[in-house]
Protein chains: 2
Amino acid sequence: MDESLDHKLIYYINKWVKLDPEEEKKILASFEKQAVKKKIKLLEPGQVCQYIYFIIQGGARSYYHDAKGDEHIYQIRLENNWISDLESFFSQQPSKFYLETLEESIVLRISPEVLENLYEEVPKMERYFRILFQKAYINSLARLNSTMWETAEERYNEMIKENCDILQRVPQTYIASYLGIAPESLSRIRKKK
Amino acid sequence: MDESLDHKLIYYINKWVKLDPEEEKKILASFEKQAVKKKIKLLEPGQVCQYIYFIIQGGARSYYHDAKGDEHIYQIRLENNWISDLESFFSQQPSKFYLETLEESIVLRISPEVLENLYEEVPKMERYFRILFQKAYINSLARLNSTMWETAEERYNEMIKENCDILQRVPQTYIASYLGIAPESLSRIRKKK
DNA sequence: TTTTTTTCTTAACATAGGTTAAGGGTGCAG
DNA sequence: CTGCACCCTTAACCTATGTTAAGAAAAAAA
C-alpha cells in the first residue's frame, strides 16, 4: 500500500524517538517521494548535493573517479537506509561524487533548508539524526579498523553474513570496490569456497 | 588561567551553536574537570564506559588487543577533541577497549545520564552533538576511503601535514598502528625522505 | 652515573593483493 | 534471434607491506 511505504520512514524514526501523530504528519509533509529507475544519477561531480535520501525500496551507491579515472565505490545503501553526499549536503559546496540507483527504487528526499526547518518544528528530528550519525560514526570506525587489520576474505565473509542477498542485487565489481579490493581478488576469494 | 581552560569547551561549542550565558553556565556545571598523568587508563576492557571526554590539554589514545594479543590503536586524540568508547558509552555494555593518556592531560568528562539531562536542559547540546557526529562520520568515511586506496606513504604524509607536531608527542609505534601499518613499515617510509 | 627499558631503524625473506591479459557466460537491446 | 555489452573468472607475474631477527640510540628509572 502506498501509504504504508511512507510510514516505513516513520517506523524507523520511532525506533529511536517517540513521535506523536502531529509530529509524524509534519515529518511526512517535509519529504518528497521519488520513484527512480535503475542506473539513474541523483548527483554528479560539480553539483551541490541538494538532498539526503531515505531509501524505502531498492538501493543506491555513491562513487567517484580517482586521479587515473578509475571508479571507486564510496557507499552502497539498500532499503531502510539513508544515502547522500553529507559533506556537500551540509556545506552546500560542490560534490566530487556520483550518486546512482542500483535498481528501480523509491526514495524519500529532503533538502537542507527543509530539514533545518523540520529541526525547528520537530526537535525530535535533531535527536533522531544525532543518534543516526553517532551510530553511523561508530560503524564507520569499526569498518575502518577491519579494513586495516583483517584480510579481504574476512571482510567479505562478514559482509555476506550481514547481508546475504547483496550478491544477487549488487554487481561483484561494486562489492569488491566497496571492500577496497580489485574484482579479480574477489573472484580469487570466492573460488576458495 | 584556570577558568579560561574550561571555557575552551564553551568556545568550541559556540563555533557551531550560539549559547547564551545561562546555557554556558549549565553546560559547565554538567562537566567534571580531571587532571590525569601520562599513561593512566581511563577505561579497560570489561568496564562499561562511563564518560565521554573533552580534552582541554594533552592527549589520549584508545586501543584494543586482537585475538593474538597484539595491540592496535583505534583512536588518537589531542587537545580540543573528544574521546570515548562511544559504543560502550551509549549502549552501557562492557567495552573491549583501553583508553589511556598519551601525556599529562586535563579533561572535562560527562556521564551518559548527565548528558541526557543536559540535552533536556540545553537542547542546543543535542544539535551540537548532531553536528559533531555528522562531521566525525564524514571524516571517518574519508579516512576509510584513503586507507583502502592510498599507499601507506600517502596517508602518512597527509597525517603529518594535518598535524606536524604529532611526531614529537606520540610514539611512532602508535602512529604506525593508527595508520594501519607495522612500525617497521613506517620506518621504511620515513627513510625515503 | 649506570642500568634497564623503550623507541626506532634496518634488512632479508614471505605474503596478500594488484596488474595484466585473456576468455567464457549471461543479459539486454535492437 | 543475433550481436553487443556487461559480468565474472582465471592465472602468471609484480609490488607494497608484513614478519622476523638483530642492533643502535634515547629516555627513564634506580
Side-chain angles (χ1 to χ4, degrees), chain A residues 37-41 59 61 63 65-73 76 98 100-104 144-160 165-193, chain B residues 37-41 59 61 63 65-73 76 98 100-104 144-160 165-193:
Chain A
K37 291 195 174 301
K38 179 175 177 173
K39 277 192 175 287
I40 295 300
K41 291 189 173 37
R61 66 178 177 134
Y63 67 99
H65 289 282
D66 68 16
K68 296 181 212 148
D70 295 329
E71 190 175 289
H72 297 276
I73 296 289
I76 293 179
Y98 296 89
E100 183 181 85
T101 49
L102 290 165
E103 54 197 38
E104 190 151 339
L144 171 60
N145 198 70
S146 296
T147 297
M148 287 183 182
W149 303 113
E150 293 175 15
T151 64
E153 183 176 350
E154 289 169 329
R155 302 204 312 278
Y156 172 70
N157 290 340
E158 280 162 17
M159 183 191 215
I160 295 309
D165 79 327
I166 197 171
L167 279 169
Q168 281 74 54
R169 299 178 63 189
V170 180
Q172 279 166 34
T173 307
Y174 295 174
I175 292 175
S177 184
Y178 180 78
L179 289 171
I181 63 177
E184 293 83 359
S185 300
L186 181 53
S187 284
R188 186 187 285 145
I189 287 168
R190 285 167 50 79
K191 180 184 180 181
K192 283 177 156 187
K193 297 190 168 344
Chain B
K37 291 194 171 304
K38 178 174 178 173
K39 276 192 177 287
I40 295 300
K41 292 190 171 37
R61 66 176 177 135
Y63 66 98
H65 289 282
D66 66 18
K68 296 183 211 145
D70 295 329
E71 190 175 288
H72 296 276
I73 296 289
I76 292 178
Y98 296 88
E100 182 181 83
T101 48
L102 290 165
E103 53 196 39
E104 190 151 339
L144 171 61
N145 197 71
S146 297
T147 297
M148 288 183 181
W149 304 113
E150 293 176 15
T151 65
E153 183 175 350
E154 290 171 328
R155 302 203 313 278
Y156 171 70
N157 290 340
E158 280 162 17
M159 184 191 213
I160 295 308
D165 79 327
I166 197 171
L167 278 169
Q168 282 72 54
R169 299 178 62 188
V170 179
Q172 281 168 33
T173 307
Y174 296 174
I175 291 175
S177 184
Y178 181 77
L179 289 172
I181 63 177
E184 294 82 358
S185 298
L186 181 52
S187 285
R188 187 186 284 146
I189 288 167
R190 285 166 50 77
K191 180 183 181 182
K192 283 177 157 188
K193 295 182 169 355

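Throughout, protein chains are lettered first and strands after them, A, B, ... in sequence-line order, and every chain is numbered starting at 1.
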*If you measure from CD1 on A/Ile181 to CH2 on B/Trp149, what distance do you get to the nearest 0.5 Å?*
8.0 Å
*asked:* Which nucleotide wins on minimum distance to the side chain of A/Ser185, given the candidates C/dG18, C/dC8, D/dT10?
replied: C/dG18
*Close side-chain approach of B/Arg155 to B/Thr147, heavy-atom, < 4.5 Å*: yes
_What is the distance, to the nearest angstrom, from the CG atom on B/Leu102 to the P atom on C/dT6?_
16 Å
*Using a cut-off of less than 4.0 Å, is there contact between a side-chain N or O of A/Lys191 and OP1 or OP2 of D/dC8?*
no
*With a non-hydrogen cut-off below 4.0 angstrom, is A/Thr151 in contact with a base, only sugar-phosphate, or nothing?*
sugar-phosphate
*With nearest nucleotides of DNA chain D determined for B/Arg155 and A/Leu167 from heavy-atom distances, which residue corresponds to the more 5′ nucleotide?*
A/Leu167
*Once you round it to whole Å, what is the distance between C1' of D/dC7 and NZ of A/Lys38?*
11 Å
*asked:* Check the phosphate of D/dC8 against A/Arg190, side-chain N and O only, distance under 4.0 Å to OP1 or OP2. Yes or no?
replied: no
*Rounded to whole angstrom units, what separation is found between the CD atom of A/Gln168 and the P atom of D/dC7?*
15 Å
*Roughly how many Å is it from CD1 in B/Ile175 to C1' in C/dC8, rounded to a whole number?*
12 Å
*Starting at atom OH of A/Tyr174, determine the distance to atom P of D/dC6, rounded to an integer number of angstrom.*
10 Å
*Calculate the interatomic distance between B/Glu153 atom CD and D/dT15 atom P; express it in whole Å.*
16 Å
*Would you mind telling me which of C/dG18, C/dA11, C/dT9 lies closest to the side-chain atoms of A/Ala182?*
C/dG18
*Can you find a heavy atom in the side chain of B/Arg190 that is under 4.5 Å from one in the side chain of B/Tyr156?*
yes
*Look at the side chain of A/Glu184 and decide which nucleotide, out of D/dT10, C/dT10, D/dG18, has an atom nearest to it.*
D/dT10
*Among the nucleotides D/dC7, C/dT19, D/dT20, which one has an atom lying closest to any side-chain atom of A/Arg188?*
C/dT19
*A/Gln172 side chain near D/dC6 phosphate (N/O to OP1/OP2, under 4.0 Å)*: no
*Do the rings of A/Tyr98 and A/His65 sit parallel, tilted or perpendicular, given the 30° and 60° boundaries?*
perpendicular
*Provide, to the nearest angstrom, the distance between the NZ atom belonging to A/Lys68 and the P atom belonging to C/dG18.*
12 Å
*asked:* Check this for me: A/Lys41, atom NZ, are more than 12 non-hydrogen atoms of other residues, nucleotides or ligands nearer than 6.0 Å?
replied: yes
_Return whichever of B/Pro183 or A/Leu186 has its heavy-atom-nearest nucleotide of DNA chain C closer to the 5' end._
B/Pro183
*Between C/dG17, C/dT10, D/dC8, spot the one nearest the side chain of A/Ala152, thanks.*
C/dG17
*For atom OH of B/Tyr156 and atom P of C/dT9, their distance in whole Å*: 8 Å
